[in-house]
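Before any comments, here is the structure.
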Amino acid sequence: SALGPSPMAMKAYIKAAQELHRYPDPTYNKLRETIGQKFDIPSDQIICGVGSDEILKLACRAFISPGDEGLYVAHSFSMYPIAIKSVGGVPIEVADNNYTTDVDNILAALNERTKLIFIANPNNPTGTYLPMAEIERLWKNIPKHVLLVLDAAYAEFINRQDYDAGIELVNKSKNVLMTRTFSKLYGLAALRLGWGYACKELATTLDKLRDPFNVPSSAQAAGVAALNDTAFQNKAFEHNDRWRCWLEKELISLGLTVIPSSTNFILFRFDNPDKSATYANDFLTKHGYIL
């Protein structure tokens, strides 16, 4: 978030410093209850971790044995192949279509060794998204033993009628895991706090694989406060929505090709031979802007 963390979250974090001598709640009950209430989902199907990255790695530990394959889409989160390799799996990159996840390409890449599919929706770093109808079409056409991981790290920035972060699909499936994070809209990136939602059996399995006391008390407290500060969330969303649109128009006016974004970042291309991405990056870096 361009606005940083919620003042309520910062206050809760500072207050938590008074009990640094105590181990954190190993089952993060208050945090799970607050997530459950906010998103109207059962708290016993929620698992929390050190960023959503930890949840992604737990999924690989649960589903992939050495030699098994995990699929991920080109131009997506670099953590996917790293997580797959960390358990001896084989990462398989699937081509996208105009920087957007292509369901047919994923289905064509499936084979008997496929155990897991990673999809970032909206996608990082392209900013594009797939409608829920396409996600459901994919789910209906994969084997039941293959886990579909919907990484919805940027879900809070999108407001489209045809989009769902994955909650509806999890509610009717046994092989779907949705992951979320507090690092983006909530502005708590330094605390490394994420969560996942799956059917009870899958959530229980992932919970058995995590390290004990994996989520610090300070992160739990700040997360609860951030979730409860709805006014700040709305402010951060509106700020991003306004200025993303402004920046898209400015980039287009410079003759750059903008990939339509549903997130808090924009991917743009230098198709004009007189304009160079390398030159622009060097120029901005010298002036204190890191892309």
Side-chain angles (χ1 to χ4, degrees), residues 52 56 69-84 91-111 114 116-142 146 148-166 168-169 176 178-179 181 184-185 237 240-281 284 291:
S52 54
L56 303 178
E69 294 181 355
L71 307 184
Y72 68 100
V73 181
H75 305 116
S76 63
F77 191 28
S78 60
M79 181 54 68
Y80 302 149
I82 294 173
I84 294 167
I92 304 296
E93 182 178 282
V94 179
D96 59 7
N97 184 3
N98 195 25
Y99 301 102
T100 304
T101 298
D102 189 298
V103 168
D104 292 320
N105 288 347
I106 294 174
L107 293 175
L110 286 170
N111 61 50
T114 306
L116 182 149
I117 301 170
F118 280 124
I119 293 182
N121 197 35
N123 187 47
N124 171 17
T126 67
T128 58
Y129 82 99
L130 273 189
M132 201 56 209
E134 275 295 276
I135 296 292
E136 188 159 349
R137 181 168 74 89
L138 171 63
W139 170 68
K140 288 180 177 178
N141 286 279
I142 64 174
V146 173
L148 175 59
V149 181
L150 299 177
D151 181 355
Y154 297 89
E156 283 79 6
F157 290 107
I158 183 171
N159 185 19
R160 305 286 180 89
Q161 290 295 320
D162 61 351
Y163 174 80
D164 181 77
E168 291 184 10
L169 194 54
V176 177
M178 178 193 71
T179 62
T181 181
K184 313 306 179 189
L185 183 80
F237 173 85
N240 180 76
D241 204 45
R242 174 188 176 187
W243 291 105
R244 181 186 62 213
C245 292
W246 177 87
L247 183 56
E248 285 180 347
K249 293 177 182 177
E250 293 296 311
L251 292 171
I252 291 172
S253 72
L254 292 174
L256 302 173
T257 301
V258 173
I259 310 303
S261 174
S262 299
T263 61
N264 60 335
F265 57 84
I266 298 171
L267 176 69
F268 54 96
R269 290 176 36 175
F270 290 77
D271 292 325
N272 188 328
D274 296 328
K275 301 181 187 297
S276 161
T278 301
Y279 173 81
N281 185 66
L284 290 167
L291 274 64

inquiry  = Does V149 form a side chain to side chain contact (heavy atoms under 4.5 Å, CB included) with L56? I'd like the steps, not just the answer.
reply    = CA-CA 8 Å; V149 181; L56 303 178; 3.8 Å; yes

Value rounded to 0.5 Å, distance of [atom1] in [X] from [atom2] in [Y]:
X	Y	atom1	atom2	value
K275	T257	NZ	OG1	11.5 Å
L150	T179	CG	OG1	8.0 Å
L138	N105	CG	CG	11.5 Å

Check whether any side-chain heavy atom of [X] lies under 4.5 Å from a side-chain heavy atom of [Y], and answer yes or no.
X	Y	answer
L169	D164	no
S261	F157	no
T100	T126	no
Y72	E93	yes
T263	I158	no
W246	R242	no

task = Kindly assign one of parallel, tilted or perpendicular to the pair F268 and F270, based on the angle between their ring planes and the thresholds 30° and 60°.
result = tilted

query = Above 12 or not: heavy atoms from other molecules or residues under 6.0 Å from CD of E250?
reply = yes

request  = Count the heavy atoms belonging to other residues, nucleotides or ligands that lie under 6.0 Å from CG of D271, then report whether that count exceeds 12.
outcome  =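 Atom CG in D271 is packed in, count exceeds 12.
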
Show me, pair by pair, the donor-acceptor contacts under 3.5 angstrom made by side chains of residues 73-83, not counting sequence neighbours?
unit_1: H75; atom_1: ND1; unit_2: D96; atom_2: OD2; d: 2.9
unit_1: S76; atom_1: OG; unit_2: V73; atom_2: O; d: 2.4
unit_1: Y80; atom_1: OH; unit_2: D151; atom_2: OD2; d: 2.6

message = Show, in sequence, the C-alpha distance, side-chain angles and deciding distance for F265 and Y154, and conclude whether the ring pair (Phe, Tyr, Trp, His ring centres under 6.0 Å) test is met.
response = CA-CA 10 Å; F265 57 84; Y154 297 89; 5.1 Å; yes

remark   = N111 meets the side-chain contact (heavy atoms from CB on, under 4.5 Å) criterion, sequence neighbours left out, with E69, R113, T114

Shortest non-hydrogen contact from [X] toward [Y]:
X	Y	value
R160	S262	NH2-OG, 3.6 Å
E156	L185	CB-CD2, 3.5 Å
A155	A165	CB-CB, 3.8 Å
L71	A109	CD1-CB, 4.1 Å
M178	A152	CG-CB, 4.4 Å

ask   = Considering residues at least two apart in sequence or located in another chain, which fulfil the salt bridge (Lys or Arg N to Asp or Glu O under 4.0 Å) criterion with K140?
value = E136

inquiry  = Treating N141 as the side-chain partner and R137 as the backbone partner, does any N or O pair qualify as donor plus acceptor under 3.5 Å?
reply    =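 Confirmed, N141 side chain pairs with R137 backbone.
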
message = Using a 3.5 Å distance criterion without hydrogens, assess whether the side chain of D102 forms a donor-acceptor pair with backbone atoms of N97.
response =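 Not at all, since once roles are kept as given, no pair shorter than 3.5 Å links the two residues.
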
ask   = Per the side chain to side chain contact (heavy atoms under 4.5 Å, CB included) rule, which among N123, N121, L267 passes with T128?
value = N123

message = If you apply the rule side chain to side chain contact (heavy atoms under 4.5 Å, CB included), what do you find for V94 with I117, and how did you get there?
response = CA-CA 10 Å; V94 179; I117 301 170; over 6 Å; no

